[in-house]
Amino acid sequence: MRSDLFASDNTAPVHPRVMEAILAANEGPALAYGEDPLSARARSLLREQTGARHVFFLHTGTAANVVGMAPFLRPYHAVITSHIAHLNTHECGALQRATGARIFPVVTPDGKLTPEHVEPFLHASGNPHESQPAVVSITQPTERGTLYFPHEIRALADLAHRHGLLLHVDGARLPQAAAALGLSLGALTAECGIDILSLGGAKCGLMYGEAVLLWVDTKEMPFHLKQTMQLAPKMRFIAAQFLALYEDDLWLGLARTANTRAQHLARELAALGITIAYPVETNAVFPRLPAPVARRLLDHYTFYQWEDDIYRLMTSYATREEDIEIFARKLRSFLEAV
Ligand SMILES: Cc1ncc(COP(=O)(O)O)c(C=O)c1O
């Protein structure tokens with residue numbers, strides 16, 4: 001049978017403690033749409049841990065990106081982001097549909113934006129013939145698994161703010177980034193001056209559920225949530241999962257394991273003479289594989305070709321050391337056969 005283990009961190013099962021929290025939340029009636037005590041507790045926990053002013057729970061990461069930015073975008077606005085940002089490549093134009101705003105994609109080899117990338121887009125400011133940049137969006141860790149250091153985020157936030165823009169962080173895997181850098185969630189968000197965060201859950205052991213955190217005020221968010229069909233009636237079950245993840249630092253253990261397994265996988269690949277295309281800094285590994293070897297591996301494992309001979313393998317909290325050793329043994333036999 002083909003294994004989906006390395007296809008994505010989304011393929012991991014729900015962590016047992018998260019499942020227990022869902023079951024425990026399933027007691028008696030509770031007000032819907034986030035007006036229940038669990039939702040209030042989870043919002044206040046995330047506010048405490050990050051210094052955010054507002055927290056909203058919703059269903060998907062795409063929704064978190066779009067709804068997080070929507071209150072700050074008009075149809076004449078644009079979002080500056082990397083050309084490989086999930087927002088640009090894998091969200092089917094959701095941002096454009098929901099807000100009417102454009103995306104200005106910047107070519108970045110490793111997915112990391114710098115102030116030098118952003119600056120050229122700021123000159124159109126005030127010109128009525130051109131879309132007006134309103135948000136800079138970065139992904140932490142990037143879609144290549146690489147990391148922004150706090151000072152790099154701060155530099156982007158400062159530039160954005162000097163020009164009246166906001167900084168959004170797609171943190172679908174922020175726990176993995178914080179674990180890799182040895183930093184708290186607050187050190188990677190509030191302390192870097194960010195304005196909007198999409199905080200992932202499904203890629204760190206949750207069944208489903210993501211969050212939007214804001215360091216800026218808006219009264220519009222409930223309307224955007226409702227119009228984009230993201231105002232969850234049974235919100236207590238999303239909140240319960242976030243409480244399980246963040247109340248006792250469960251997130252840190254899960255993210256550390258995911259990252260450690262990626263390092264292990266990278267070592268095994270390197271020992272077999274496989275080149276890794278990008279530094280392995282979180283839980284993604286991008287090996288360069290000869291096509292015949294990739295074809296044979298794909299009979300046994302689901303994973304995706306990223307570009308040319310580069311493929312993506314993801315690890316998660318649920319990847320076991322022995323899974324990596326079995327994968328390496330298979331790969332060795334295919335390499336020997338070609
Ligand atoms: C960087 C990044 N952002 C956001 C998402 C959110 O995706 P979804 O809408 O599938 O939850 C993903 C999922 O793969 C992602 O990798």
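Indexing begins at 1, ligand by ligand and atom by atom, following the structure's order.
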Quiz prompt | Note, T81 side chain near V106 side chain (heavy atom, < 4.5 Å) | solution = no
Exercise. Could you check F242 against L199 for side-chain contact (heavy atoms from CB on, under 4.5 Å), going step by step and ending with a plain yes or no?
Key: CA-CA 10 Å; F242 271 94; L199 179 62; 4.2 Å; yes
Quiz item: Where do R312 and M314 land on the side-chain contact (heavy atoms from CB on, under 4.5 Å) test, with the steps shown first?
Solution: CA-CA 6 Å; R312 189 191 76 167; M314 298 295 299; 3.4 Å; yes
Quiz item: How far apart are the C-alpha atoms of Y278 and F286, what are their side-chain angles, what is the distance that settles it, and do they pass the ring pair (Phe, Tyr, Trp, His ring centres under 6.0 Å) test?
Solution: CA-CA 6 Å; Y278 302 101; F286 288 88; 5.4 Å; yes
Enumerate the pairs of nitrogen or oxygen atoms, one from ligand 1 and one from the protein, separated by less than 3.5 angstrom; state names and distance to 0.1 Å.
| from | atom 1 | to | atom 2 | distance (Å) |
| --- | --- | --- | --- | --- |
| ligand 1 | 3 (N) | D170 | OD1 | 3.2 |
| ligand 1 | 3 (N) | D170 | OD2 | 2.6 |
| ligand 1 | 9 (O) | G61 | N | 3.4 |
| ligand 1 | 9 (O) | T62 | N | 2.8 |
| ligand 1 | 9 (O) | T62 | OG1 | 2.6 |
| ligand 1 | 11 (O) | G61 | N | 2.8 |
| ligand 1 | 14 (O) | H86 | NE2 | 3.4 |
| ligand 1 | 14 (O) | K203 | NZ | 3.2 |
| ligand 1 | 16 (O) | R173 | NH1 | 3.1 |

Practice problem: State yes or no: are the ring centers of Y311 and Y304 separated by less than 6.0 Å? | Solution: no
Quiz item: Centroid-to-centroid, F104 to H83, below 6.0 Å?
Solution: no
